[in-house]
Amino acid sequence: MPKTIAVLAPGEMGAAVGARLVAGGARVVTSLAGRSAATAERARRAGLAVAATDAELVAGADLVLSIVPPGEAVAVAKRLRPELARLSEKPVYVDFNAVSPDTVRHIAAALAATRCPFVDGGIIGPPPNATARTVFYVSGDDAGRAAAMRDVGLDMRVLEGPVGAASALKMSYAGITKGLTAIGAAMMLGATRAGCAGDLAAELAESQPHLSKWLGRQVPAMFPKAYRFVAEMEEIADFLHTDRPACEIYHAIARLYARLAAAEGTADVDALARFVGAPGRTSLADDATTPATAATTAPEAVNADPVAAAPGAGA
């Protein structure tokens with residue numbers, strides 16, 4: 001059983017993983033370098049020890065878990081590389097980031113000189129909590145060493161295959177789930193601009209009730225996360241680089257999520273919120289106490305205030 005686990009960084013997922021490991025009996029240490037006060041408070045609530053330096057972060061660790069936004073994964077590995085190289089007792093480095101197989105192999109190559117065992121990982125599910133299903137897939141020659149985290153509370157699954165197999169699974173799964181969310185959002189916006197949003201919502205609720213309810217949950221849940229999805233969609237595009245039409249789909253989805261995450265996407269986010277009967281960006285700004293719930297598609301909400309097409313709003 002791993003006794004000390006370094007987790008970088010304590011974002012929403014990293015802190016929740018750390019809290020689960022602490023509850024399972026592990027000592028979990030993290031770094032707050034360059035992080036916000038909110039992140040520091042999240043780490044404190046999770047029961048994570050805070051290292052003052054990167055050397056302190058990795059010293060004595062059995063495992064080092066990288067759980068950062070996809071665009072930071074390579075930089076984090078290179079940042080820790082000098083300290084990992086200096087250690088006489090080598091921890092297992094587990095890259096749990098949403099990156100393509102090519103990217104994770106690049107990270108493994110960047111760390112090869114440290115002589116740390118390297119494991120490819122993929123997380124499927126939300127940040128761990130009492131009711132969520134969150135599964136941690138690992139692959140590579142040393143995947144069994146990372147799988148020991150099942151003894152401290154994680155649902156670990158070892159995949160047959162080399163480094164890159166876990167990332168391929170993550171890319172495939174996220175490409176379906178986040179891709180469907182983007183397609184649903186794009187069609188909701190198209191229907192809204194065309195003036196048939198209420199009719200679409202009613203038809204979905206009648207003929208595709210499960211899809212209607214799924215989109216009613218997934219679309220509003222995407223609003224605060226859209227900025228994080230951008231780099232992940234680009235990684236999925238890289239995963240599909242040998243299939244140009246499929247690759248271009250995810251480049252376009254990345255641009256859609258980027259627009260929804262930016263200030264210019266506020267009107268679109270509010271239109272999507274009306275479609276599914278959820279609070280939008282404007283309503284949340286006006287009333288911070290509005291509960292962010294959206295269980296089902298609400299035709300009456302979209303009929304009440306359809307939005308005209310905005311110049312340049314298309315993906």
Side-chain angles (χ1 to χ4, degrees), residues 1-99 104 107 110-111 114-119 121-123 125-130 132 134 136 138 142 145-156 224-225 227-228 231:
M1 181 181 84
K3 296 180 180 179
T4 300
I5 301 173
V7 175
L8 194 67
E12 184 181 1
M13 179 64 79
V17 170
R20 175 65 60 86
L21 294 169
V22 169
R27 176 179 179 269
V28 180
V29 60
T30 193
S31 169
L32 296 176
R35 301 291 165 173
S36 67
T39 300
E41 176 59 21
R42 189 184 296 119
R44 185 194 65 79
R45 291 197 308 267
L48 311 186
V50 177
T53 65
D54 287 345
E56 185 180 327
L57 174 70
V58 300
D62 300 300
L63 299 164
V64 176
L65 312 185
S66 177
I67 307 175
V68 297
E72 297 178 20
V74 174
V76 163
K78 291 182 177 178
R79 168 186 150 189
L80 295 180
R81 180 168 56 190
E83 301 304 335
L84 292 170
R86 292 186 183 100
L87 296 174
S88 55
E89 298 283 335
K90 302 294 185 180
V92 178
Y93 190 98
V94 188
D95 190 285
F96 270 128
N97 300 305
V99 296
V104 83
I107 294 170
L111 293 175
T114 70
R115 304 184 67 82
C116 289
F118 185 90
V119 173
I123 304 173
N129 61 56
T134 307
F136 298 79
V138 288
D142 292 287
R145 296 175 66 178
M149 285 187 288
R150 65 170 60 98
D151 296 332
V152 283
L154 300 189
D155 185 353
M156 301 295 304
K225 303 174 184 176
Y227 76 97
R228 295 208 312 254

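Counting begins at 1 with the first residue of the sequence. Only heavy atoms go into these numbers, but all of them, side chains included; no hydrogens, no water, no symmetry mates.
- The CD atom of Glu89 sits 9.5 Å away from the CG atom of Asp62 when rounded to the nearest 0.5 Å.
- In this structure the side chain of Ser66 never reaches within 4.5 angstrom of the side chain of Leu8, judged on heavy atoms.
- Residues satisfying the side-chain hydrogen bond (donor to acceptor under 3.5 Å, both in side chains) test with Arg79, not counting sequence neighbours, are Ser31, Asp54.
- Distance check: Arg42 CZ to Arg35 CZ gives 9.5 Å after rounding to the nearest 0.5 Å.
- Judged purely by atom type and a 3.5 angstrom limit, Arg20 uses its side chain to pair as donor or acceptor with the backbone of Asn129.
- Contact of the Met13 side chain with the Pro128 side chain is registered, since non-hydrogen atoms from C-beta on lie closer than 4.5 Å.
- You'll find the side chain of Leu111 reaches within 4.5 Å of the side chain of Arg81, heavy atoms only.
- Counting heavy atoms from C-beta on, the side chains of Leu80 and Leu57 come closer than 4.5 Å.
- Between Val119 and Ala146 the shortest heavy-atom distance is CG1-CB, 4.1 Å.
- Considering OG1 of Thr114 and CD of Glu83, their distance stands at 12.0 Å, rounded to 0.5 Å.
- Nearest heavy atom pair, residue Glu56 against residue Ala52, reads OE1-N, 3.4 Å.
- The aromatic rings of Phe118 and Tyr93 sit parallel to each other, their planes meeting at less than 30°, with 60° as the upper class boundary.
- A donor-acceptor contact shorter than 3.5 Å is absent between the side chain of Lys3 and the backbone of Arg27.
- Across every non-hydrogen atom of Ala77 and Ile107, the tightest pair is CB-CG2, 3.7 Å.
- Counting all heavy atoms, side chain and backbone alike, Val29 lies closest to Val50 at CG2-C, 4.4 Å.
- Side-chain contact check for Val17 versus Pro127: every heavy-atom pair is 4.5 Å or farther apart.
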Residues Met156, Val138; criterion side-chain contact (heavy atoms from CB on, under 4.5 Å); working and verdict:
CA-CA 7 Å; Met156 301 295 304; Val138 288; 3.7 Å; yes
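- In terms of heavy atoms, Leu48 sits closest to Ala15 at CD1-CA, 4.5 Å.
- Distance check: Thr39 OG1 to Glu12 CD gives 11.0 Å after rounding to the nearest 0.5 Å.
- When side chains are defined from C-beta on, Asp155 does not count as touching Thr134, because their heavy atoms never get closer than 4.5 Å.
- Atom CD1 of Ile123 and atom CG of Asn97 lie 8.0 Å apart (nearest 0.5 Å).
- Separating the CG atom in Leu21 from the CG atom in Leu154 is a distance of 4.5 Å, to the nearest 0.5 Å.
- Of all non-hydrogen atoms in Ala40 and Leu32, the two that sit nearest each other are CB-CD1, 3.7 Å.
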